[in-house]
Structure formats: structure tokens, C-alpha cells
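See structure below.
Below, chains carry the letters A, B, ... as their sequence lines are ordered, and counting in each starts from 1. Side-chain atoms are counted along with the backbone in the values below, which use heavy atoms only and exclude waters and symmetry mates.
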Amino acid sequence: MKQEVINVVRNAIESLQKQWGLETISDIEVEIPRNETLGDVAATVAMSLAKTLNKPPRKIAEDIVNAIKTMIIPPLANGGLGGVTAEEGEGRLGIFEKIEIAGPGFINFTFKKEYFYKNLEKLLEEEHSSFRTNIGQRRKVQVEFVSANPTGPLHIGHGRGSAVGNALSNLLQAAGFDVQREYYINDAGLQVKLLGQSVYAKYCEICMDKYPYSISKNAYPFPEDGYKGDYIYKLAEELEKKYQGKLWAKDFDEISREVIDFSYQKMLELITKDLKDFGIAFDRWQSEKELYEKGKVESSLKTLSDKNFLYEKDGAMWVASTRFGDDKDRVVVKKDGEYTYFASDIAYHKDKLDRGFDTIINIWGADHHGYIPRIKSVIEAFGLPKEKFKVILIQMVTLLRHGEPVQMSKRAGEFITLREVIDEVGADTAKFIFLTRRADSHLEFDIEVAKEQSAENPVFYVQYAFARISSIFRQAIEKRVQGFEGSRVQEIDLSFLKENEEISIVKKLLQYPIVFEGAVLSFEPHRITYYLQELARLFHSYYNKHRVISEDKTLTAARLCLCKAVQIVLEEGLKILGVSAPERM
RNA sequence: GCGCCUGUAGCUCAGUAGGAUAGAGCAACUGCCUUCUAAGCAGUGGGUCAGGGGUUCGAAUCCCUUCAGGCGCGCCA
């Protein structure tokens, strides 16, 4: 819809270029007017040209419109854009019903109804494939998200990150990118050790109860900053089930490998299950430990060292990240010879870029924002293009229950898990709520409101539209209505769709690719969420006002086509959000 | 103190890379089910876009500044 206008305006300006003495023509910007009565597409060029041409914008707009009117608008079929040719249309406006100048210098284009019928037909012929754009051109993109430490269950914040990461991946995939979803497992270092110690302490307690005859054996002290919560106890129980008393009363270092590996692997199983029930799957799981074992940490530091970005100070090894804009240099090898977390992250990001991705997108909690400059600087130090590295920060989720904030303390083991959210409000609702906000806006999630209002929740509003259409088709089949069948769209006279509501819906449908493209380019899946609500609103309204199935066979056939198209777009959008499209509700 | 994010209707949030009269949901009120699902529809009320300056044909949007909230600023991960 936009493209047709851009083409026409560009041609018009080109014909005026010499007369105006204009050297270059910048990109033509058009927009969908807020108010539908103004037109379908508006061009703002006249106003932006006003300064360079030193002419009043309305005069420029007039010149452009006059130029358009003296042109034959080329048959748009040539451009593969559909529409009707100038010959088919009346007068010289081709696919346009009217072109008007309004306000300070807007040029408003209104399409002929035939244009909409033609495009509706095209949508129905191609169905979902009509949305398979190729913005991505098969470029390789990796989206890394969640990557929660395997030291505890996923909480609601991870839920938000996973919903966004998943939807973004779907979005990019639909746009023709080659997408890989990856989860980075922090299975090396202090945190998993602490998990192991916490579990071991509980395990020893269980053993003391279970094997009272060996009372001489001691308990293992619970680590000071150990992980708390029921799940630790459950892990300990499982540990006991597997090893019975065999690991009891040993020196922790002696049995640490078994305990630690068992604990975090069990944790990962739980995390995977939670994600699965949330409808999210990963293509690849990257272990931090493996980066060490394969020598990638060592080798990437060596590379930095060769490039002179590494230096020693106070007995530690530092990366000169300030050279590329970081606040301060960062330690990678501590005085005691241990690597910092940053060390493996350097290796990890280098590894990702080495794997040949055109873009790597990290979805991080906003509390990690201070981490971005150091990663960027390292990427530059490696001589890799830093534009390939993108971070989407997900702002904090404040969890409420009846309007009261729920205190979350990981240390005390008190937090609402993703599991609880899924069980209480359902995966679809939770995902939809997570995707109704911009990533960088704080989110208040009232679990009671989400539950109580479940009947009036926006997600149901959209799904309901889909279900209603499904119901109409069930009726149509039952009544043996001669209606829509994929192969016969061309035989149905869509021009029976004369109602304003019907035209509005078709316009909205044709806007989907525009919204979609915007969402892709800005990495903002939430735009799809809002679009779907608008489309559902139009449909519900239409449904209440007009009957689809009636005595009038030709009208019914045309209306069934419209319904089908709405259904296709709703399904397409919901699929990107990772939300189901139920045929019955 | 420095850095990042945010501030839009009573509440929760959108606002399409600067555009026309700033929008939705919830909450409140009034109507609509013998016909395709009322998880719906139609309508009413509700705003100093945090405050102040600036940039220009034009600002919720860009710049400066003040205020308020959140989050970072470890040889933790």
C-alpha cells in the first residue's frame, strides 16, 4: 500500500526535478493517517522539501499532484504489487480514487475499492506465503535469551525475557532470517558450586534422619550465601535417591563433581521443562564449562594478548577495555589465578561471531546494561564489527498480587516462579501480557488481575475473533453454503464487500506487512500484539453489525472470503507471538 | 557522584524513525442475546503528554536543564 504511493510520488518528483533544480531526491516518506477519513496513505514530502526549495509546502504539493495527474500511472502488476492499471481505472488516477492536499501540505491518497478487492484476492490466493518477506535474505542471526543460571527455577523475569526472545526469533524467521535460538549455560564457576554445596548440606540432613544408626557422622554446614527454597530440598532428596548414603560425610571437594553436576543438570531439566510448557524451545545450548574444556577461553585471551589488549597489574590480568569506550579496564584473571566471568564471556562472544552469524542478539535483563560496553570493546579489540552485536534489554518485572508488590528475594528463596505463573494464569495469557509492552518499559504484572480478568484479557479478545471465524466456517460447512474454497477465490465477486466496515477490515489486513516490517526492523514484536488487537476489534464490530452467512449466496461467498483473510492474518500474528489460535473457546 | 532506562486518562500501557483533533484495555455509567460463540458490540465521561527552556513550517517524539522512580557502577556471577 505504501509502496505504490512512494513510486508515484517519486516519479512525479523526478519529472519536476529539473524544473525545481533539485539535485538529489531523498527517500519518500509516507504514513498511514491517523484519521481514516483523510485518506489511506499520506505523503509528507511537500513539507520536508519546503525548506530546500524555498517554496510554500502547499504549492509544492500542488505541483506534485498536478504532475501525477498528467502521468499515466504504470500498471502496478508490472511491479508485482497488484492493483489495477490506469486503463482499468477511470481517468488518469489509476488505482487512486482521489489525491488531495490537506493541512499544512499533506498529500493524501485514497485508493479505489477495486484496489482492495484485488489485494484481498491476492492474500487469499497466497495465504501465509504472502507474508514470507525476504527482508532477512537468509542472513544468519542468533538470538540468545533466558540463559538463566542453572541454580534455581526460572522466575517471572525470565518469563518475560523468554517470551520476547521467542517472539523476536519467530519474527525474524518469518522475515527471512536464518535464526538460531541459543541458551548459554553458566555451568562453571562459583554459582554452580554454591548450588552443589547447598544441596549437599540438605542431603546430609536427610541422611542423618534416614540413617540414624550412624549418628557419629556429621552434617555439612549450609553455606552462608547458599541457595534456599524448597527446590534445594527436592534436589537433595533426588540426590539421596540416586546415591543413598554413599556421598555422606565426605570431604566436599572429594565428591563435589558428582554433587554439582547432578544438581545443575537436574536444574536444567526443570528449566527445560518449564520452558517447554511455556512453549519455548532452543536450537542450541552452549555450556560455559565446555568453552574452558575446549580451550576457547585460553585461546581468546591469547588473541587479545597478541593484540596488546591484555596487561598485568596488581597480580591480576586486565583487559584494556577503556580503549574502546568502557568506563574502566576489567579483570579477566584474578590474583588467585581464577578466571572471572568476563573471561568466559569474551570467549563466548568471540565464539558466536566466529560461527559466522551476521548478527548476534543478546536478550538481557536491564540490570546487566553496565556489561554492554565491555563486551563491545572486546569485540572491537578482536577486530570484529561491533554492529553485529546487539543487546535488547528487558526491564524489570514488578510482580503484584491484588495490587500489592510481592517481595522477591532470591537469597531467601522467595520468588514467584515462571511455573507458578503458567499454572495460575496460563502460558498464552502470560506471553501476551509480556508482549504488550515495549522491552524497555517497566512491567507491572498483577498475577491476580491476570487471573481474575482472564475472561476480559486482551489475549482472549484476539483468540476469540479467531474462534468466532472458525465457528462461522463450521456453520458454513454444516449448511453447505457455497462459500470460500481456496482454489475458487477468483470466481467469487469480492466487490459485494461494499460496507464501510468491510473496506476498513481489508485496509487493516493490507497494513499487516507494514506493521510486520516495522516490527522486524526495530526488533519490536510488541507491535504485532497491538496490531492484532486492532484487527480483532474491527472484526468483532463487523460481526455484531453484519451477518456473514445469509440467503444472498454471492454476498455470503464474498464475506466468507473476508473472514478467511482475517483468520489467516490473525493466525500469522499469533504464531509470531507464540500464542495459540484456538478454533473453539 | 557517574552511567543506562522510565515519567502519557483514576490504574496498566500504546503512540508507527518529527506530522493533522494524543489512543486502547481495566475501572465507572447507559443500552444490545428467539438468527454465524455476549470471552462480544454500540455509546458517555475522563489529559498542563512530570516541570521549564530550545531546535522548525510542525515536538509526546530531537537537544539542554530541573524533579521523580527503577537499575547498574566488584579481582561476584
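If you measure from atom CZ of A/R468 to atom C1' of B/U35, you get 14 Å, rounded to the nearest angstrom. Computed from coordinates, the A/R437 CZ to B/G23 C1' distance equals 15 Å when rounded to whole Å. Rounded to whole Å, atom P of B/A20 lies 16 Å from atom CZ of A/R58. Here the P atom of nucleotide B/U56 and the CE atom of A/M47 are 17 Å apart, to the nearest Å. Rounded to whole Å, the distance from CD1 on A/I528 to P on B/A14 is 16 Å. The separation between A/I394 atom CD1 and B/G70 atom P is 21 Å, rounded to whole Å. Remark: P of B/U12 and CG of A/D446 are 11 Å apart, rounded to the nearest angstrom. Between A/E444 atom CD and B/C71 atom P there is a gap of 13 Å when expressed in whole angstrom units.
OP1 or OP2 of B/G15 has at least one side-chain nitrogen or oxygen of A/R438 nearer than 4.0 Å. For B/U35, neither phosphate oxygen OP1 nor OP2 lies less than 4.0 angstrom from any side-chain nitrogen or oxygen of A/R547. Phosphate proximity of B/A14 to A/S441: present, with a side-chain N or O under 4.0 Å from OP1 or OP2. Under 4.0 angstrom from either OP1 or OP2 of B/G40 there lies no side-chain N or O belonging to A/S541. Put simply, A/R34 has no side-chain N or O that comes within less than 4.0 Å of OP1 or OP2 on B/U21.
On the P atoms, B/C71 is 42 Å away from B/U44, given to the nearest whole Å. A distance of about 15 Å separates the C1' atoms of B/U61 and B/G23, rounded to the whole Å. B/C63 and B/C5: their P atoms are spaced 10 Å apart (whole Å). B/A50 and B/U8 have their P atoms separated by 6 Å, given to the nearest Å. Look at the P atom in both B/C29 and B/G69: the space between them is 35 Å, to the nearest Å. One P atom belongs to B/U6, the other to B/G15, and the distance between them is 11 Å to the nearest Å. Look at the C1' atom in both B/A20 and B/A38: the space between them is 37 Å, to the nearest Å. When the P atom is used for both B/G43 and B/A60, the distance is 27 Å, rounded to whole Å.
Between A/F539 and A/Y543, the two ring planes are tilted [angle within 30° to 60°]. Ring planes of A/Y371 and A/W364: perpendicular class, angle over 60° (limits at 30 and 60°).
In terms of the salt bridge (charged side-chain N to carboxylate O under 4.0 Å, His left out) criterion, A/E293 has no residue partners (sequence neighbours excluded). For the ring-ring contact (aromatic ring centres under 6.0 Å, His included) test, residues two or more places apart in sequence or in another chain that qualify with A/Y464 are A/H540. Shown here are the salt bridge (charged side-chain N to carboxylate O under 4.0 Å, His left out) partners of A/K545, two or more places apart in sequence or in another chain: A/E501.
Using a 4.0 Å heavy-atom criterion, one finds that A/I32 contacts the bases of the nucleic acid, with or without backbone contacts as well. Within 4.0 Å of A/A467, counting heavy atoms only, lies at least one base atom of the nucleic acid. A/D345 comes within contact range of no nucleotide atom at all, as no heavy-atom separation falls under 4.0 Å. As judged by a 4.0 angstrom heavy-atom cut-off over every strand, A/A102 is placed among the base-contacting residues. Within the 4.0 angstrom heavy-atom criterion, no nucleotide atom of any strand lies near A/E501. Looking at heavy-atom distances under 4.0 Å, A/Y530 makes contact with sugar-phosphate atoms alone, never a base.
If you check B/A20, B/G70, B/A38 against the side chain of A/M396, the one that comes closest is B/G70. Side chain of A/I549, nearest nucleotide from B/C36, B/G15, B/G19: B/C36.
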Pairs under 3.5 angstrom, nitrogen or oxygen only, protein versus nucleotides 26-33 of chain B, please.
| unit_1 | atom_1 | unit_2 | atom_2 | d |
| --- | --- | --- | --- | --- |
| B/C26 | O2' | A/Q453 | NE2 | 3.0 |

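Checked for salt-bridge contact, A/R330 and A/D345 miss the test: no charged N lies under 4.0 Å from a carboxylate O. Here A/E517 does not pair with A/K2 in a salt bridge; the nearest charged N to carboxylate O distance is not below 4.0 Å. Salt-bridge annotation for A/K507 and A/E36: present, with a side-chain N of the basic residue lying under 4.0 Å from a carboxylate O of the acidic one. Between A/R559 and A/E502 a salt bridge is recorded (basic side-chain N to carboxylate O distance below 4.0 Å).
The stretch residues 510-520 of chain A has no heavy atom under 4.0 Å from RNA chain B, so no residue of it qualifies as close.
Pair assignment for B/C13: B/G23, on the basis of Watson-Crick or G-U wobble contacts that are both within less than 3.5 Å. Pairing of B/C71, defined by two Watson-Crick or G-U wobble distances under 3.5 Å, is identified with B/G3. The nucleotide B/G18 finds no pairing partner, because no Watson-Crick or G-U wobble arrangement with both distances shorter than 3.5 Å includes it. Base-pair partner of B/A38: not found among the strands shown (Watson-Crick or G-U wobble, both distances under 3.5 Å). Under the Watson-Crick or G-U wobble criterion, with both distances below 3.5 Å, B/C29 is paired with B/G43.
By the 6.0 Å and 45° rule, A/K376 does not stack over the aromatic ring of A/F389. The side-chain tip of A/K498 points at the ring of A/F496 from less than 6.0 angstrom away and within 45° of straight on.
In this model, no donor atom of one side chain and acceptor atom of the other lie less than 3.5 Å apart for A/S550 and A/D552. No side-chain donor from either of A/T151 and A/Q191 sits under 3.5 Å from a side-chain acceptor of the other. Checking A/Y348 against A/E182 by side-chain atom types alone, a donor-acceptor pair falls below 3.5 Å.
Aromatic pair A/F460/A/F432: ring centres not closer than 6.0 Å.
B/C33 shows a glycosidic angle within 90° of 0 and is accordingly assigned syn.
The side-chain heavy atoms of A/H349 and A/N362, taken from C-beta on, include a pair separated by under 4.5 Å.
Lacking a ring centre under 5.5 Å from that of the base six-membered ring together with a plane angle below 30°, A/F106 does not count as stacked on B/G19.
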Protein proximity profile, nucleotides 72-77 of chain B - base contact B, sugar-phosphate-only contact S, no contact -, cut-off 4.0 Å on heavy atoms: SSSBSB
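For A/L443 and A/P458, each mapped to the nucleotide of RNA chain B holding its nearest heavy atom, the one lying further toward the 5' end belongs to A/L443. Residue A/K2 is the one, among A/R537 and A/K2, whose nearest nucleotide of RNA chain B lies closer to the 5' end (criterion: closest heavy atom).
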